[in-house]
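For this chain, numbers begin at 1 and follow the sequence in order.
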Amino acid sequence: MFEPLSTRKKELTSNLKSFWNETSFFNNSMDMANIGFETDIKEDNKKYIITANLPGLNKEDISIEADKNYLTISANNERLVKEERKQNHIYRESHISNYQRSFYINNTITSEITAKFDNDILKINIPKKNTSTKYKIDIN
């Protein structure tokens, strides 16, 4: 039996979302079928680090926003692929791609997020809030 693609896409998205732990730091909130770039996520005691592979883009093609516990990376790639002129006919092909990934970022200091783009790699440092209530108290 034929099922519309939109039905299968919703089912796949639902299955993938249930796979991720809803309380995890990086709960990917976007439709997994539309991912346009790969990311690696690392963690240490003080921060999370997102590394995104964005080949062929310039720094000006990338936007990063933090809003309401979500970090969103957007990338727009527009380039002319081929152009030919023959008599009165102009043949032109171009490529336009728009990508977006969003991540849930709870217990972080959004005002101190930093990003660097170098050699097609975007690196974002996201500092963690100190949620520890345990303190060592010196005795005088």
To the nearest 0.5 Å, tell me how far T114 OG1 sits from I64 CD1. 9.0 Å
Determine which pairs satisfy salt bridge (Lys or Arg N to Asp or Glu O under 4.0 Å) with at least one residue from residues 44-59, sequence neighbours left out, and list them in order. D44-K47
Salt bridge (charged side-chain N to carboxylate O under 4.0 Å, His left out) partners for E43, two or more places apart: K128
So which atom in F37 and which in L54 form the shortest heavy-atom distance, rounded to 0.1 Å? CG-CD2, 3.4 Å
Student check: side-chain heavy atoms of N125 and Y48 closer than 4.5 Å: no
Exam field: side chain R101 to backbone T72, donor-acceptor pair closer than 3.5 Å: no
For the atom pair CG (D67) and OG (S102), what is the distance rounded to the nearest 0.5 Å? 10.0 Å
Go through the steps to decide whether T51 and L122 satisfy the test side chain to side chain contact (heavy atoms under 4.5 Å, CB included), and finish with yes or no. CA-CA 6 Å; T51 305; L122 175 66; over 6 Å; no
Kindly give the heavy-atom pair with the smallest separation between K123 and I49, and that separation in Å. CE-CG2, 3.8 Å
Are the side chains of F103 and T39 in touch, meaning some heavy atoms are under 4.5 Å apart? yes
Grab the two heavy atoms, one from G56 and one from D120, that are nearest each other, plus how far apart they are. N-OD1, 3.5 Å
Sub-4.5 Å side-chain heavy-atom contact between N53 and D40: no
Side chains of I73 and I124: closer than 4.5 Å at any heavy-atom pair? yes
Please examine the side chains of N76 and Y99, heavy atoms only from C-beta on, and report whether any two atoms are closer than 4.5 Å. no
